[in-house]
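Encoded as structure tokens, the structure appears first; notes follow it.
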Amino acid sequence: YVLFGSSFGGKTAFHAIDRLNPEALILQKPVLLERNSERYERLAEEDNWERYGGKSWGKEFVKAFRAQDFGKIAEEIDIPVLIFHGSEDDIIDFGDTVDAVKDLETDVTLRKLQGEKHSFSDEAQEKVKDESFRWLENEL
């Protein structure tokens with residue numbers, strides 16, 4: 001089976017690999033680097049912090065998430081990874097994902113979706129699905 005993670009779920013999926021032993025990992029717009037978490041930690045300091053369609057995260061969540069160092073696990077990954085990221089992501093910069101994958105010592109495919117923000121359009125979601133299945137057929 002394959003793990004799939006989106007946004008905060010991207011880093012979470014990386015940390016689950018050692019326990020779940022998937023054959024591959026597919027991510028979209030992942031929050032991976034600690035500098036991404038720093039921004040959320042600052043925002044969580046605000047009283048009644050709420051973002052993104054009424055969903056809220058508390059300080060404890062953000063601090064626990066930040067404590068999970070991506071760099072420590074990146075060098076241990078030995079399964080193929082496919083990542084989709086929007087060129088116009090207003091939450092996690094595409095360059096941050098480029099920087100994160102430099103630490104991976106496995107096969108990584110990074111797809112930049114032109115014009116897409118952090119919330120992918122229906123068309124982009126369809127592209128993610130189609131390209132993921134094609135990629136899996138070639139990788140596994």
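This one's a predicted model, so the numbers in the text were calculated from it and none came from an experiment.
- Here W135 contributes atom CH2 and R111 contributes atom CZ; the two are 10.5 Å apart, rounded to the nearest 0.5 Å.
- The structure places CD of Q28 at 13.0 Å from CD1 of I92, a figure rounded to the nearest 0.5 Å.
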Q: With side-chain contact (heavy atoms from CB on, under 4.5 Å) as the test, would you mind laying out the steps for V128 and L113 before giving the verdict?
A: CA-CA 9 Å; V128 166; L113 301 178; 4.1 Å; yes
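- At a threshold of 4.0 Å, the pair E137-R134 does not count as salt-bridged, since none of the basic side-chain nitrogens sits closer than that to a carboxylate oxygen.
- Counting only heavy atoms from C-beta outward, the side chains of E131 and F84 approach each other to under 4.5 Å.
- In terms of modelled atom types and a separation under 3.5 Å, the side chain of S6 and the main chain of G9 share no donor-acceptor contact.
- With a 4.5 Å cut-off on side-chain heavy atoms, E76 and D18 do not count as touching.
- Salt bridge K102/D99: present, at least one basic N to carboxylate O contact under 4.0 Å.
- Separation of atoms OG1 (T109) and CG (N138) is listed at 9.5 Å; rounding is to 0.5 Å.
- The CG atom of L25 lies 7.5 Å from the CD1 atom of I77; values are rounded to the nearest 0.5 Å.
- In this structure, the side chains of T97 and I83 come closer than 4.5 Å at one or more pairs of heavy atoms.
- Proximity of V2 to I79: side-chain heavy atoms (C-beta onward) are nowhere separated by under 4.5 Å.
- With hydrogens and angles ignored, the 3.5 Å screen pairs no side-chain donor or acceptor of H85 with any backbone N or O of H118.
- The distance from atom NZ of K127 to atom CD of Q114, rounded to the nearest 0.5 Å, is 8.5 Å.
- Side-chain contact between L82 and L27 is absent, with no heavy atoms from C-beta onward closer than 4.5 Å.
- Side-chain contact between E116 and S121 is present, with heavy atoms from C-beta onward closer than 4.5 Å.
- A donor-acceptor distance shorter than 3.5 angstrom exists from the side chain of S87 to the backbone of G115, with no hydrogens or angles considered.
- We find the CD-OH distance between E23 and Y1 to be 9.5 Å, quoted to the nearest 0.5 Å.
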Q.
L3 vs I26, test: side-chain contact (heavy atoms from CB on, under 4.5 Å). Steps then yes/no.
A. CA-CA 6 Å; L3 281 180; I26 300 174; over 6 Å; no
